[in-house]
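Throughout, protein chains are lettered first and strands after them, A, B, ... in sequence-line order, and every chain is numbered starting at 1.
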Amino acid sequence: MSKTNMRIAILGEADRNGLSPDTLDSIYRVKQLDMGSDVKIDLLLLEPIKEHLLPCDSVFIYNQISGNDTPRKCVKAIEDYNARFDASMIIVSTRQDADIIVPGAAIKLKTASFLECDSIGFDILVNKFTVKKSVYGGNAMAHYSIGKPAVISFNHSRKESDKLKNREAGINFMDYRSVCDKKFIRKCETEYIKEQGLRDSDFVVVCGKGLGSKAAVEELSRWAERAGAVVGGTKKVIDHGWLPIHQLIGQTGNTISPELCLVIGASGATPFINGIIGSEKIIAVNNDADARIFDYADIAIVEDSRLIMAGLLEDMQLDGGLNAEN
Amino acid sequence: MRRSELTPPGDLDFNPMKIACILADVIKREPDVELVFCGRQADNGSNGQTGQLLAEMLSWPCFTMVIDIKKVEDEYQVSRMVDEGIEHLYLKAPFVITVTQSDNKLLRMAGLKAVLEAKKKPIEHLEAAGLSDFASLYNLEELSINKPDKHCVFIEDKPAESKADQLKELLKNRGRNE
C-alpha cells in the first residue's frame, strides 16, 4: 500500500440537516488516523447535497444510478469510484443495509470486508491498515492487519464527531449511469413501527429480566416516558415477549450511546454489554453485588430491582414524576 | 431430506470469505437448492457476513435480519427488520437469508422420535473445494480480552427506600453524584 496519494472513501448519507451522524463519525475516525502523510477523504453520496462546507476533501455524487435497489446502487457507486481512484480503504456509513453493501462491494473489488469495526488504525512501519473488532459475542477483541484495501463499516456506539472542522469541499457529479431494480421482489409491504429513538436518545432505561413480569416492564416504561427516557430491553425480556423486538438492546439489536443509561434487573451478558458500552454514564440496579453489569457501571445499586422500581413509581404517583420536579 | 457433511480444509475461524467460497462451490453443484438459511453471525468469529458473501458469490439476492419466512405456492413471504419497522417481502427463489431472533418465538426443538429417525439416515460426505484467492487478504494478528477500566461506586447497606431516593437524585442530575 503506497503512502503517497492515499485516498479513503466514505459512502455516506445526507439529509436536509447535512451529513448523517454515522457519516460524520466515520469521517472523524479517519481524521484521527496517524498515517505519516496526508490522506484525502472522499465522500460518496447517492443524492446531491446543498452544503459545500464539509469535513472532507471531495464529494462524489452518484445520482444517475436509478432503481429501487439501494444497496446495489451503493455497491455500483463504490465499484465505479474505486475503478477511477483506487481507494486505500472504503468505509460504508449508511444506517441501513451496510451489512449488505460492505460484503457486496468487497466481492466486486475482490478484497476483504469487516462489519461493525470498533476502530481502525494504520501501522506506518509496515504500511498496513489495522482493524479492531469485537468477536465471540463481544468476549474478545480481534486485531486484524489488512494487506489490500478493504471495505469496512464501523460500530457507531460512540460518536465523537463534534470537533470536525468544515472546509470548502469539491463537489463532483459523476457521469455514471446504471439501473438497479429489485426484480426479485414481487411485493413489499412495510409495517411501520413508531420510532423509539433509542440510538439518538440522551437517557435510556433498559429493562432486565429481574423486573419479573411484563406488567412491571410496562409500568417502568410509563415512568420512563414521563422522565423523558426511551425504553429498551435485554434479550431475555424480548424473548419473554415483555417488549417488542425493535426495543432490543445488545449486539444483535440496538447499540446505544446515551448520556445516561439506567439498567434495571440485568446481569450483564456480554452481547448486552456491547450494546450499552458506549454510554457516557451507566447506573445499574441488581440484587447480586457480583453481577457482571457492575464491572461496566459507574454507579451500582445493590438491591432488588422491583423495590427500586416501586420507589421510582411512587414518586410518579405522588407528584407527576421527574418532569414535575424539574 | 438429505443429510450432508462438509469437512472444511483447515481452520475457518475468522474467515467468512473462505466459508462462503466453500458453500458457494457446493451449492453451485446442487441445482435443486433455491434457498439458503444462514444465522446472523454464521461463523466462528462474529464476522456476521457469511450469508451476504455467499449470496454475492452465487449472484443471488440476500435478505438480512429475517425474523419469519413462509412458503405460499410458488413464492416465499419473508419478514425482516428494518429501521422503520418490519418489511414483509414476497419473493421468488433463489435467495439467501440471514436470520436473527424474533420476539416471543423460541427455537422449535426436535422431538426424540424425529432425532432417532434422523440418526438412521445416511450421511453424505461432500468434498470441500473452491477456495479462491480470497484466502490471504488479511491476517488475524491477535485476540485480546477487553477488561473494563471503570471504578464503580456501590450504593449498598441501606434500606431500599433510601437507595431509590438516591437513584432519583442521581437521575435528576443525569448521573452526576452531587
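- Heavy atoms of B:Glu161 lying under 4.5 Å from chain A are absent altogether.
- Interface summary for chain B: among A:Lys132, A:Glu116, A:Lys108, A:Arg72, the most heavy-atom pairs under 4.5 angstrom belong to A:Arg72.
- Proximity to chain B is absent for every atom of A:Lys182, based on heavy atoms less than 4.5 angstrom apart.
- Interface check for chain B: of the options A:Glu191, A:Met309, A:Lys133, the most heavy-atom pairs under 4.5 Å are formed by A:Glu191.
- Judged purely by atom type and a 3.5 angstrom limit, A:Glu303 has no side-chain atom pairing as donor or acceptor with the backbone of A:Ile308.
- With respect to A:Asp181 and A:Lys183, no salt bridge is recorded, no charged nitrogen being found less than 4.0 Å from a carboxylate O.
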Exercise for the section: Take A:Thr190 and B:Glu87 through the side chain to side chain donor-acceptor pair (under 3.5 Å) test and state the conclusion after the steps. Expected result: CA-CA 4 Å; A:Thr190 305; B:Glu87 214 174 55; 4.6 Å; no

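- Between the side chain of A:Arg186 and the backbone N or O of B:Tyr90 there is no donor-acceptor pair closer than 3.5 Å.
- Listed for the B:Glu124 side chain is no donor-acceptor partner under 3.5 Å among the backbone atoms of B:Arg2.
- Heavy atoms of A:Ile273 lying under 4.5 Å from chain B are absent altogether.
- Contact of A:Asp97 with chain B is made through the side chain alone, with heavy-atom distances under 4.5 Å.
- By number of non-hydrogen pairs under 4.5 angstrom with chain B, the leading residue of A:Ala284, A:Gly253, A:Pro71, A:Ser113 is A:Ser113.
- The residue among B:Thr64, B:Ile145, B:Asp165 with the most heavy atom pairs within less than 4.5 Å of chain A is B:Thr64.
- Between chain B and the residues A:Val102, A:Val135, A:Asp69, the most heavy-atom pairs under 4.5 angstrom are made by A:Val135.
- For chain A, the option among B:Val82, B:Asn139, B:Val78 with the highest count of heavy-atom pairs below 4.5 Å is B:Asn139.
- Residue with the most contacts toward chain A among B:His88, B:Met81, B:Gln52: B:His88 (heavy-atom pairs, distance under 4.5 Å).
- For the set B:Asp83, B:Leu89, B:Thr100, B:Thr98, the count of heavy-atom pairs under 4.5 angstrom toward chain A peaks at B:Asp83.
- The aromatic rings of B:Tyr138 and A:Tyr144 stand perpendicular to each other, their planes meeting at an angle above 60°, with 30° marking the opposite boundary.
- For a residue to count as touching a neighbouring chain, one of its non-hydrogen atoms must lie under 4.5 Å from one of that chain's; by this rule A:Thr130 does not touch chain B.
- When each of B:Phe95, B:Trp60, B:Phe63 is checked for heavy-atom pairs under 4.5 Å with chain A, B:Phe63 comes out on top.
- The candidate with the highest count of non-hydrogen atom pairs below 4.5 Å against chain B, out of A:Ile100, A:Asp99, A:Val285, A:Leu115, is A:Asp99.
- Panel note: side chain A:Asp118, backbone A:Ser134; a donor-acceptor pair is recorded below 3.5 Å.
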